[in-house]
Amino acid sequence: MIKRTHNCGQLRAGDTGSKVSLCGWVDSYRDHGNLVFIDLRDRYGITQLVFNPETQPEMHRLSRQLRCEWVLGASGTVRMRGEGLTNPKLPTGEIEVLIDQLEVLNTAKTPPFELDNAGSVDEELRLKHRYIDLRRPEMQNKLEVRHRVTKITRDFYDSEGFWEIETPFLGKSTPEGARDFLVPSRLCIGEFYALPQSPQLFKQVLMISGIDRYFQIVRCFRDEDPRADRQAEFTQIDVEMSFVDSDDVIDVNERLVARIFKEILGIDVKVPIRRMSYRQAMDDYGIDRPDLRFDMKLKNISEIAAQSQFKVFIDTVGRGGVVKGFCAPGGGKFSRSDIEKTFTNFAADYGAKGLAWFKVVADEQAKKADLASSIAKFFSPQQKQQIIETFDAKPNDLILLIADTMDAANKALAPLRIKLAKELDMIDENVYEFVWIVDFPLFEWNEKDNRYDSLHHPFTAPVPQDLEKLDTDPASIRSQAYDIVVNGSEIGGGSVRIHQPDKQAKVFKLLNISDTQAQERFGFFLQALKYGAPPHGGIAFGLDRLVMLLTRTDNIRDVIAFPKTQKGQCLLTDAPSEVEQSQLDDLNLRTQTHH
RNA sequence: GGGGCCGUAGCUCAAUUUGGUUAGAGCAUCGGACUGUCGAUCCGAAGGUUGAGGGUUCGAGCCCCUUCGGCCUCGCCA
């Protein structure tokens, strides 16, 4: 077998005259009857091979049999291409290799799709033949970025004194949070492991064990419906530190983020990254992961709206709701039908019951802006001016408003704001706007179950000053949690944890978790807390989303080598699949169809 | 569980106002030609159960029902 001396992205003019051997796949094939050109491809690049019938008739004859994606070993001499024959698109484009020995290492069936325009090929087909899809430089680049990010991460945490420690995949199911993937136990009949949704409690136990600083690049599993940026199995960069407060955790980890963006994209992330309170994020952007690449803040005009003659607004504010919205610069170009069909339907998808709008028009006579809309008649000239001032609106802008409870209004306005920004081309794709969201509420009230839920998770510590409100006003307690957000995408989140057993017990109580339940689910952990738990905190980054940002894709499957479809199937291997009856017998399981 | 978009040759797409001869094109494939190409070019050939099943009709890629699959999304994701 021909062993390669170089790879296909390596040879340059300086190698002229060298005897070399290359291995790779036939990327393209150009037969001129006499001369034959082969572009040979491997992970590193493409090099042109030449077969000349005059000097090497035997090899030339053989070369004419070659086909795309065949696997070759080839030896020959590097030579400069002639004047005007270089290919500036290739790093190796100044040279070519004149082949005197060719070995077909393997033939290949014609690929089911062409590699060079696979971007427009049905993704289903790419997933079925993932081995071919992953030959494409575009996909290999994403895999490489992912590799480099994990490498940087390991080097960084190592240099900061963190140890990488593995935690179990076969764990204990806890009904909180997402649905668990269950694994039946053979030895304990009728019992199940759960695959981890995150190593949360194990990493806290490691702190109690005095490990001091831990990290892990770890697979996590959540059995929920996938999305464009969500897979049932995904990877976290999981971190925990002892004897720290939030500032310590934030400091170390934003330096990692800055290093990754510097090394991968050459972007300088200003450290410290700015911080924004949860309250402000919700007020100004309607969401706890604001996209700060553009402004277009939300404004609350409830007071003005309540004074108007518009019944929907008056009633909503009267019931304690709000009238809130934003002003889209240049949005005046949208037709009434754009607004009342497209945007209203869009908002309705997010639960909005309606969408009010004003076009800002120039009043030539008064030499100032005015509002035009089917509901403009319900507003006095003064009220209209107040609205224009509130939004700092200019002629040809579009003001969009939703009247509802604060939560409901925010829920629809946040995605609507993004949609308008995209429609109006307000987003610079080359910009990365980082922000830490801090001062989250510890709890949110769960109307349905008549109890509080953790906004983050039940092990998050309250801010010390708010501690006394645990008994009196739980809803107003802030937590020591922090999320890092880039361009509207949450790439990481964490908190300082509760390290005192009595406070942990109190929080469980507010979450309506009984002592018995707490013992069943987290007994081992409550026990561990009693044996000298240090103050500690940590964070977890979503590696997949981070790599998505770094490779500028909005499809999580593009950054996972072997991803699954929306039904959680692997089209390459055809998992999940039925199993042998004997396997079920071993597990004492019986299947049934229902519904 | 709900909503939306999609499925025609190996791939990407066409196929005329509810329907009307033999379902077309580009790329890929196969064969031939060609001394310098690099998305080679030129000539030719082959390639189809229109995702599947049923229905309406004289006639269905097109209309109706069922079903399978993919993507986006709401719910869900402590």
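Remember, it's a predicted structure, so these values are computed and weren't measured experimentally. We use all heavy atoms of the structure for the numbers below, so side chains are in, but hydrogens, waters and symmetry mates are not. Note on naming: letters A, B, ... go to the chains in the order of the sequence lines (proteins, then strands), and numbering restarts at 1 for each one.
If you check every strand for non-hydrogen atoms under 4.0 Å, R64(A) touches a base. Counting non-hydrogen atoms under 4.0 angstrom, T174(A) reaches nothing in the nucleic acid. Counting non-hydrogen atoms under 4.0 angstrom, K128(A) reaches nothing in the nucleic acid. Note on D225(A): a base of the nucleic acid sits closer than 4.0 angstrom, heavy atoms only. Across all strands, E490(A) comes closer than 4.0 Å to no nucleic acid atom at all (heavy-atom distances). T460(A) comes within 4.0 angstrom of nothing in the nucleic acid, heavy atoms only. Residue contacts for R557(A): at a heavy-atom cut-off of 4.0 Å it reaches the sugar-phosphate backbone alone, with no base atom in range. Across all strands, N87(A) comes closer than 4.0 Å to base atoms (heavy-atom distances). Residue contacts shown for Q197(A) are absent, as no nucleic acid heavy atom lies under 4.0 Å away. Within 4.0 Å (heavy atoms only), T92(A) reaches no atom of the nucleic acid at all. Across all strands shown, R451(A) has no heavy atoms under 4.0 Å from either base or sugar-phosphate atoms. Backbone-only engagement by R67(A) is indicated by non-hydrogen atom pairs under 4.0 Å involving sugar-phosphate atoms exclusively.
Pairing of C5(B), defined by two Watson-Crick or G-U wobble distances under 3.5 Å, is identified with G70(B). Pairing for C76(B) is absent, judged as Watson-Crick or G-U wobble with the two contacts each under 3.5 Å. Across all strands shown, U22(B) has no partner, as no Watson-Crick or G-U wobble contact with both distances under 3.5 Å is found. A46(B) is unpaired under the criterion used here, namely a Watson-Crick or G-U wobble arrangement in which both key atom distances are under 3.5 Å.
Nucleotides G54(B) and U49(B), compared at atom C1', are 15 Å apart to the nearest Å. With both ends at atom P, the span from A52(B) to C68(B) equals 15 Å, rounded to whole Å.
A straight line from CZ of R497(A) to C1' of A78(B) spans 13 Å, rounded to a whole angstrom. Whole-Å rounding puts the D116(A) CG to U29(B) C1' distance at 15 Å. Straight-line distance from the CG atom of D31(A) to the P atom of C38(B): 14 Å, rounded to whole Å. Rounding to whole angstrom units, CD of residue E83(A) and P of G36(B) are separated by 18 Å. The distance between atom CG of L571(A) and atom P of C68(B), rounded to the nearest whole Å, is 16 Å. U29(B) atom C1' lies 13 Å from atom OH of Y29(A), rounded to whole Å. In this structure, NZ of K422(A) is placed 13 Å from C1' of U73(B), rounded to the nearest angstrom. Between F51(A) atom CZ and U35(B) atom C1' the separation is 16 Å, expressed in whole Å.
No side-chain N or O of N87(A) forms a donor-acceptor pair with one of Q48(A) less than 3.5 Å apart. Between the side chains of N7(A) and D42(A), no donor-acceptor pair is found at a separation under 3.5 Å. In this structure, a donor-acceptor pair under 3.5 Å is absent between the side chains of R79(A) and T77(A).
Between H499(A) and H536(A), the ring planes lie perpendicular to each other; the angle is over 60°, past the 30° to 60° tilted range. Ring geometry, F508(A) versus F459(A): the interplanar angle exceeds 60°, so the pair is classed perpendicular (tilted spans 30 to 60°).
Between Y482(A) and F440(A), the ring center distance fails the sub-6.0 Å criterion. In summary, the aromatic rings of F51(A) and F37(A) are positioned with their centroids too far apart to meet the 6.0 Å limit.
Once the 5.5 Å centre distance and the 30° plane angle are applied, the aromatic ring of H32(A) is found not to be stacked with the base of G36(B).
When the side-chain nitrogen and oxygen atoms of Q569(A) are compared with OP1 and OP2 of G70(B), one or more of them lie within a distance under 4.0 Å. Between R30(A) and A40(B) there is a side-chain N or O to OP1 or OP2 distance below 4.0 Å. For K567(A), a side-chain nitrogen or oxygen approaches OP1 or OP2 of G69(B) to under 4.0 Å. A close approach under 4.0 Å does not occur between any side-chain nitrogen or oxygen of K89(A) and OP1 or OP2 of U37(B).
Take the nearest nucleotide of RNA chain B for R222(A) and for R227(A): the residue whose nucleotide is more 5' is R227(A).
Nearest to the side-chain atoms of E124(A) among the listed nucleotides G70(B), C76(B), A78(B) stands G70(B). Distances from the side chain of A178(A) to the nucleotides C77(B), G36(B), C71(B) place C77(B) closest. Across A78(B), U35(B), C71(B), the shortest atom-to-atom separation from the side chain of L35(A) is found for U35(B). Looking at the side chain of Q200(A), the nearest of the listed nucleotides C76(B), U73(B), A78(B) is A78(B). Considering only side-chain atoms of R230(A), the nucleotide from C76(B), G36(B), G70(B) that sits closest is C76(B). When distances are taken from the side chain of T110(A) to each of U29(B), G69(B), C76(B), the shortest belongs to U29(B).
Salt-bridge formation is detected for the pair K203(A)/D238(A): a Lys NZ or Arg NE/NH1/NH2 atom is positioned less than 4.0 Å from an Asp or Glu carboxylate oxygen. E69(A) and K109(A) are not joined by a salt bridge, as no carboxylate oxygen comes within less than 4.0 angstrom of a charged side-chain nitrogen. Between E138(A) and R136(A), at least one side-chain nitrogen of the basic residue sits less than 4.0 Å from a carboxylate oxygen of the acidic one, meeting the salt-bridge criterion. A salt bridge between R41(A) and D39(A) is absent, with no side-chain N of the basic residue lying under 4.0 Å from a carboxylate O of the acidic one.
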Any protein N or O atoms within reach of nucleotides 9-11 of chain B? Criterion: under 3.5 Å, listing atom names and distances.
unit_1 : atom_1 : unit_2  : atom_2 : d
G10(B) : O2'    : P112(A) : O      : 2.6
G10(B) : N2     : E114(A) : OE2    : 3.3

